[in-house]
Each structure stands twice: as C-alpha cells, then as structure tokens.
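Remarks on the structure that follows.
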Amino acid sequence: MADSATPAAGAPDSEAALAAALADVPELARLLEVDPYLKPFAVDFQRRYKRFCQSLNNIGENEGGIDKFSRGYESFGVHRCADGGLYCKEWAPGAEGVFLTGDFNGWNPFSHPYKKLDFGKWELYIPPKQDRSVPVPHVSKLKVVVTSKSGEILYRISPWAKYVAREGDNVNYDWIHWDPEHSYKFKHSRPKKPRSLRIYESHVGISSHEGKVASYKHFTCNVLPRIKDLGYNCIQLMAIMEHAYYASFGYQITSFFAASSRYGTPEELKELVDTAHSMGIIVLLDVVHSHASKNSEDGLNMFDGTDSCYFHSGSKGTHDLWDSRLFAYSSWEVLRFLLSNIRWWLEEYGFDGFRFDGVTSMLYHHHGIGQGFSGGYHEYFGLQVDEDALIYLMLANHLVHTLYPDSITIAEVRFYLLKEFKDEDWNMGNIVFTLTNRRYLEKCIAYAESHDQALVGDKTLAFWLMDAEMYTNMSVLTPFTPVIDRGIQLHKMIRLITHGLGGEGYLNFMGNEFGHPEWLDFPRKGNNESYHYARRQFHLTDDDLLRYKFLNNFDRDMNRLEERCGWLSAPQAYVSEKHEDNKVIAFERAGLVFIFNFHPSKSYTDYRVGTTCTFKIVLDSDAAEYGGHQRLDHNTDFFSEAFEHNGRPHSLLVYIPSRVALILQNVDLPN
C-alpha cells in the first residue's frame with residue numbers, strides 16, 4: 001500500500017513551489033479556489049503554461065508572431081502573383097528533388113524543378129505567358145513530383161491544395177488548381193455569439209432523402225430553413241475537410257485545406273455558411289487534427305518519400321485502431337501547417353469556431369486505447385499525457401480567440417443515456433448523476449444521441465425505443481400500440497431532461513429530432529455500395545399522416561422555449577427530487593420547474609414538488625401536438641404554499657400523468 005503521506009504526482013513539495021506557480025500562471029489562483037482538488041497539480045499547470053508561453057515566444061522571435069506564422073496558406077502551395085506568374089512552395093525535408101507537373105506542361109515530370117531552400121523548404125516561380133495570362137489556368141490538374149533519396153519518383157498532391165476531386169471511376173483524387181476569376185463574396189456579417197448554444201450536428205452528403213450524395217446547394221436551400229424553424233442557433237458541420245473514403249464519415253482526412261468536392265465547389269460551401277449567417281445561425285467546423293489518412297498518392301502520408309515529414313516515424317506515428325497517421329506536434333512546420341489550417345477555415349470560409357475531434361487520442365500517448373477513465377485528476381497529468389499535443393491545442397485555442405474573440409471551441413467528449421434497460425428499471429439517481437457529473441463552471445455540451453449512436457452496429461434512440469414497429473405503426477390513422485406510445489413519450493422526455501439538466505449547450509444530430517428510424521451506413525463493399533442508409537428522410541416529418549411530426553413539433557417548441565427562458569446559460573439546476581419508487585425527477589433552473597414522471601403506468605394526483613411562487617404550464621410532452629394524451633389542463637395555475645419540501649421553503653401540488661415531462665414557469669416572469 002502506498003504511503004498516504006507521499007504527495008500526489010506533480011504535487012508541489014513546498015509552499016514556495018505553489019507560490020511560484022500562482023505567480024506564473026494567470027487565473028490559477030481563481031481556478032484553485034473554485035476547485036481546490038487541483039492544488040496538488042499546480043506545478044503541472046505551471047510547466048504547461050511556461051511551455052505554451054515559450055512556444056509563442058519562439059514563434060514571435062523566428063516568424064514575427066503567430067499572426068504571420070498562421071498564414072502559411074498565403075505562401076505554401078500554388079499562388080498567382082501580381083504579374084500573372086505563379087509562386088509555388090512546399091516543405092519536403094526528406095526529398096532529393098521537387099518538381100511541378102500537370103496539364104500546363106503536358107505532364108512533363110521534370111521541366112519545372114523547385115529550388116531547394118533551408119529547413120527542407122522548396123520554391124518555384126513560373127513566369128506568366130507572353131500574353132500576361134497565368135501559366136496554370138483555373139481547374140487545370142497539377143501534381144508535385146518528388147524524387148526520394150532512394151531514387152523513387154513519387155507523384156503527390158500538395159498538402160496545401162485548396163481543391164481536389166475524383167473523376168469518374170478513378171481510385172485516387174486529383175489536385176485541381178482552384179483560382180476562379182470571381183470568388184464568392186460574403187454578404188452577411190458573423191452573428192453575435194449566442195447566450196445559449198443549441199447545436200444541429202449535420203452532414204451535407206446525407207442531408208437528402210434520395211439515395212445519393214447531397215450537395216452544398218441542397219443543404220443551403222432545403223436544410224437550413226428547417227434548422228432555423230426548429231430553433232437551433234448553431235450548425236456543426238462534419239465531413240467537410242476532404243476525405244477520399246466517404247464511409248470514414250469524414251474522419252480520415254486526405255486534404256486538409258480542401259472542402260470536400262463530392263458536395264460541390266468551395267464557393268458553394270461559402271454560400272452555405274453565408275446563408276446560415278443571414279439566418280442568425282453560427283457555423284462550427286468538425287476539425288480533425290488528431291490524425292490523418294494513410295493514403296499517400298492523394299494524402300499527406302509519405303509526402304516526401306519518408307514515413308515522417310508531418311508525422312512521427314515508426315510505430316509512434318500510427319494509430320493502431322484507426323489505421324491512420326499521427327502528427328508530430330512538436331515539429332515547427334507541422335505547427336505551421338495545423339495552425340494555418342485553423343486560420344484558413346475561419347478566414348476563407350467564415351466558420352465561427354471548431355469542434356476538435358479525437359482529443360482523447362491527442363492528449364495521451366496511449367490514445368485512450370484499452371484505457372478506462374475513472375475521472376480522477378491524476379489521469380490528466382503525468383507521463384501518459386502528450387504535452388506536445390496539449391501545447392498545440394493551447395496554441396490553436398489562443399489563435400482562434402485572438403482572431404475572433406467570440407469564436408467557439410469545443411473538445412469532443414462522449415455522453416450516453418439509457419438504452420439497455422426497461423424504463424421501469426431505470427435508476428433516477430443514476431440519470432441525474434450522469435447528467436450533472438461535470439466540473440463546476442466548466443461548460444459542457446449535452447446530447448442524448450449524436451452521430452455515433454446512429455452508425456451501423458448501433459441505432460438511433462427512436463429505433464432503440466420502437467424498433468421494427470416504426471415500419472408499420474407510425475400512422476395517425478392507426479391506434480397507438482404500447483411500443484409506439486412508449487417510444488414517442490420517452491423520446492420526448494429523454495431529450496428534454498438532457499436539454500434541461502445536462503449542460504450549458506445542447507446537441508442534436510440531424511433527423512434525430514423527429515425520431516429518425518434505423519441507422520447510418522455509408523456505401524461500401526459490405527453493403528453493395530448502397531446509399532439506402534446514408535440519407536436523412538425529412539419527408540417523414542412533412543407527412544401529416546405520420547407521427548414523426550409530433551416529435552419534430554416537440555423538439556421545435558423545446559428549443560424555442562429555451563430561447564425565451566435561457567436555461568442553458570443559467571447556473572446549474574437545483575435538483576429537488578429523484579424518487580426511485582415513483583420514478584419522478586424534479587429540478588429548478590432559470591426560474592422554471594422541470595418535472596418528469598418516468599413511471600410506465602402510475603400517474604400522481606396532488607404530487608408535492610418543492611419550489612417557490614405561482615406557476616403555469618409552458619411545455620407539456622402530453623399535449624396533442626406532440627403525440628400525447630392531453631391529460632393536463634393548461635389553464636391551471638399552480639400556487640405554492642409555505643410548506644417545506646425536499647429542501648425548498650415552499651412547495652406546490654401538481655398532477656403528473658405517467659410518462660410525462662412538464663415545464664412550469666413562474667407567472668411573475670415575462671414570457
């Protein structure tokens with residue numbers, strides 16, 4: 001047994017060490033005051049912050065500051081000069097020679113050699129044609145030719161390519177020079193940062209009910225109006241960074257600066273973002289800097305003929321589960337590449353922030369493989385942490401908020417609700433604990449289901465609840481079956497309790513708001529390249545004879561009520577009841593009382609709920625427009641009395657039907 005007097009890993013061994021950490025790290029004193037359990041790790045915060053500051057200082061001394069350093073896309077790649085010529089630049093430290101070839105020179109591999117510079121960089125200037133026109137016209141094809149030190153001749157796509165596309169039945173993507181005469185001009189300013197974040201997680205390619213890859217244009221014209229009507233104020237776009245393998249869901253990136261061409265052109269993506277801004281909707285990019293595809297002919301891997309360049313060499317540079325390459329975050333040029341990539345999506349496409357994917361894999365040398373996390377703070381410190389990756393994330397976050405202070409950055413975390421147990425066996429205490437188990441003042445995004453839960457091998461929440469009966473019993477012309485009734489009522493309740501109790505933001509994956517059936521599965525060999533499950537059947541909620549409309553209506557009104565009342569931006573809820581036998585949960589937040597009766601059969605007359613003031617019903621999952629049984633009178637006012645209950649000085653009596661969620665609002669508060 002360890003000596004209990006031994007200090008925790010990273011703990012300061014003297015008051016002097018703690019004082020030094022407090023002096024070095026801004027806001028550390030406030031952090032330790034809020035969460036004193038972090039005090040043993042004060043010197044870890046100090047070391048990390050010093051490394052971050054040193055990295056910033058090094059960038060300042062060698063590159064003129066992070067502003068200039070993060071503009072790599074202005075010089076690397078291929079660029080038109082003022083005189084009509086082209087300037088080309090690459091980083092290929094392991095190359096013996098670098099050349100540019102393409103349509104412009106009849107695919108002569110060696111006619112246009114780059115000049116070798118210091119630090120593994122190469123540059124080339126191609127003068128304009130005699131008529132002063134550009135030597136490489138818009139949408140012509142290009143390749144970088146790399147001769148390796150072993151004598152190989154390799155054809156590569158520039159890591160800085162802005163547009164790549166696959167033609168016909170070709171296996172690999174082609175680099176297409178994107179330099180339109182008239183690029184898209186943004187018409188609308190970025191919306192102000194919302195006080196509450198209601199995120200609609202979206203995938204452009206599956207946004208149509210047809211069995212095909214949908215387009216940016218389709219999403220702009222058909223999906224954005226739905227998102228606006230549903231009351232979401234933020235879109236999280238996934239699978240935008242180019243990925244050669246569609247079935248990777250956008251997580252095996254091949255071209256980091258290219259918007260996926262399978263949905264349309266870069267200008268059409270800009271129009272999508274601009275249109276969202278016109279609706280007051282902010283747009284986040286699902287950015288993947290945790291790993292990269294192993295593709296070499298149309299990806300980053302082996303760009304200069306070596307297994308390093310952008311990645312760690314050997315086994316350290318490979319993710320065993322994802323079969324992908326891992327970035328060398330301590331490399332100067334890798335930092336330039338990734339930070340410039342962050343800036344590119346902000347500046348060129350107008351994104352308002354990022355959701356960083358795979359952060360667990362980035363933060364730990366073990367990448368989370370075969371690891372269980374208890375939540376103990378010791379797991380976030382020590383030798384298992386990859387501090388090179390951590391410093392990169394700090395630099396990226398610093399850059400984003402320096403450029404645009406209102407930007408939003410989210411680190412991926414996973415959150416799950418119940419699906420394995422019958423609802424009569426659900427534990428109310430566990431539900432509350434799961435939804436409230438987060439650090440004080442640390443903002444979290446809660447969701448009942450994201451895209452992960454819909455992937456093949458799993459099912460949407462609605463399909464878990466109703467399964468095959470969704471094919472036969474969702475018509476309003478047929479009576480409720482017990483399965484459909486249970487599923488519709490619980491679907492609303494689970495989403496509302498997650499929305500109200502789970503965090504400071506809420507996320508929904510597209511289509512799940514109306515109980516999308518089945519699962520997601522992209523075309524691949526294993527399903528005969530079928531698009532049947534790679535689509536979103538929005539027409540189901542538009543059909544007035546189907547019950548999907550009820551779930552859609554509830555989701556819309558839930559979001560609209562949050563917009564009025566602002567519970568996501570309010571302090572964490574006060575939970576006054578979690579009764580196991582009665583299956584009742586009650587809590588207060590933002591001047592509202594949330595009441596949930598998860599019991600499958602018991603309704604309660606004059607059920608006492610601790611609170612204050614006089615209340616009225618403002619959201620009722622049992623209402624007719626939500627597919628409920630209309631068992632509550634919305635004209636009733638609920639008067640509290642000076643009767644202490646569950647730690648509250650006052651309480652009120654309310655009728656709670658079975659499988660119903662209610663929100664009551666103080667009648668003295670404005671609507």
Side-chain angles (χ1 to χ4, degrees), residues 2-63 65-67 69-70 193 329-330 335 339 342 353-354 356 359-360 362-366 373-413 436-445 503-505 569 571-572:
D3 186 349
S4 60
T6 302
D13 56 7
S14 69
E15 290 300 319
L18 176 59
L22 292 170
D24 286 341
V25 184
E27 302 294 324
L28 180 59
R30 179 173 175 271
L31 176 65
L32 299 185
E33 182 180 352
V34 169
D35 191 348
Y37 289 103
L38 286 170
K39 187 175 179 180
F41 307 100
V43 293
D44 293 273
F45 285 107
Q46 180 188 35
R47 183 186 65 258
R48 293 174 177 184
Y49 185 72
K50 280 187 172 182
R51 282 198 60 188
F52 164 72
C53 291
Q54 186 60 52
S55 295
L56 270 184
N57 291 337
N58 289 343
I59 291 171
E61 292 172 3
N62 294 285
E63 299 282 351
I66 196 169
D67 179 72
F69 188 59
S70 61
K193 183 178 180 179
Y329 298 103
S330 61
L335 280 180
L339 291 173
I342 289 290
F354 302 95
F356 285 83
V359 170
T360 298
M362 295 176 72
L363 289 181
Y364 297 100
H365 293 295
H366 53 62
F373 292 92
S374 67
Y377 283 159
H378 67 282
E379 295 171 339
Y380 300 93
F381 302 92
L383 297 178
Q384 71 270 26
V385 176
D386 185 343
E387 292 200 349
D388 292 337
L390 178 66
I391 299 308
Y392 161 67
L393 287 171
M394 294 172 72
L395 289 168
N397 198 51
H398 172 77
L399 174 66
V400 170
H401 290 97
T402 298
L403 294 173
Y404 298 99
D406 281 346
S407 292
I408 294 169
T409 49
I410 300 170
E412 175 209 22
V413 292
T436 58
N437 182 26
R438 56 189 186 272
R439 293 186 62 249
Y440 179 59
L441 297 181
E442 188 170 84
K443 294 182 179 180
C444 292
I445 306 296
E504 290 66 43
S569 59
Q572 196 164 332

note = When rounded to the nearest 0.5 Å, the distance separating NE2 of H378 from CG of D44 is 13.0 Å
query = To the nearest 0.5 Å, what is the distance between CD (E61) and CD (Q54)?
reply = 7.0 Å
task = Report the distance from atom CG of L56 to atom NE2 of H398, rounding to the nearest 0.5 Å.
result = 4.5 Å
ask   = Heavy atoms, side chains only, cut-off 4.5 Å: are I410 and I445 in contact?
value = yes
task = Determine, step by step, whether L395 and L335 satisfy the side-chain contact (heavy atoms from CB on, under 4.5 Å) criterion, reporting the C-alpha distance in whole Å, the side-chain angles of both residues, the deciding distance to 0.1 Å, and the verdict.
result = CA-CA 9 Å; L395 289 168; L335 280 180; 4.3 Å; yes
task = Decide side-chain contact (heavy atoms from CB on, under 4.5 Å) for I342 and F354; before the verdict, give the C-alpha distance in whole Å, the side-chain angles of both, and the deciding distance to 0.1 Å.
result = CA-CA 9 Å; I342 289 290; F354 302 95; 3.7 Å; yes
key: Other residues, nucleotides, ligands: >12 heavy atoms within 6.0 Å of F373 CZ   = yes
request  = Apply side-chain contact (heavy atoms from CB on, under 4.5 Å) to the pair V385 and Y380, showing each step before the final yes or no.
outcome  = CA-CA 7 Å; V385 176; Y380 300 93; 5.6 Å; no
ask   = Centres of the Y392 and F356 rings: under 6.0 Å?
value = no
Mind listing the side-chain donor-acceptor pairs of residues 19-35 below 3.5 Å, one per line with the distance, residues two or more places apart or on another chain?
residue : atom : partner : partner atom : Å
D24     : OD2  : Q46     : NE2          : 2.6
D35     : OD1  : Y37     : N            : 3.3
D35     : OD2  : Y377    : OH           : 2.3
D35     : OD2  : R439    : NE           : 3.2
D35     : OD2  : R439    : NH2          : 3.1

query = When rounded to the nearest 0.5 angstrom, what is the spacing between OG in S55 and CD1 in I391?
reply = 6.0 Å
key: Separation of I408 CD1 from K193 NZ (nearest 0.5 Å)   = 5.5 Å
query = What are the two closest non-hydrogen atoms of L18 and A42, and how far apart are they?
reply = CD1-CB, 3.6 Å
query = Can you list every pair that meets salt bridge (charged side-chain N to carboxylate O under 4.0 Å, His left out) and has a residue in residues 381-406, with sequence neighbours left out?
reply = R47-E387, R48-E387, R51-E387, R51-D388
message = With a 3.5 Å distance limit and no angle check, can you tell me whether Y364 reaches the backbone of E379 through a side-chain donor-acceptor pair?
response = yes
Donor-acceptor contact below 3.5 Å, side chain N397 vs main chain L393 = no
key: Check: C444 main-chain N/O paired with E504 side-chain donor or acceptor under 3.5 Å   = yes
task = Find the distance between CG (L390) and CZ (F52) and round it off to the nearest 0.5 Å.
result = 10.5 Å
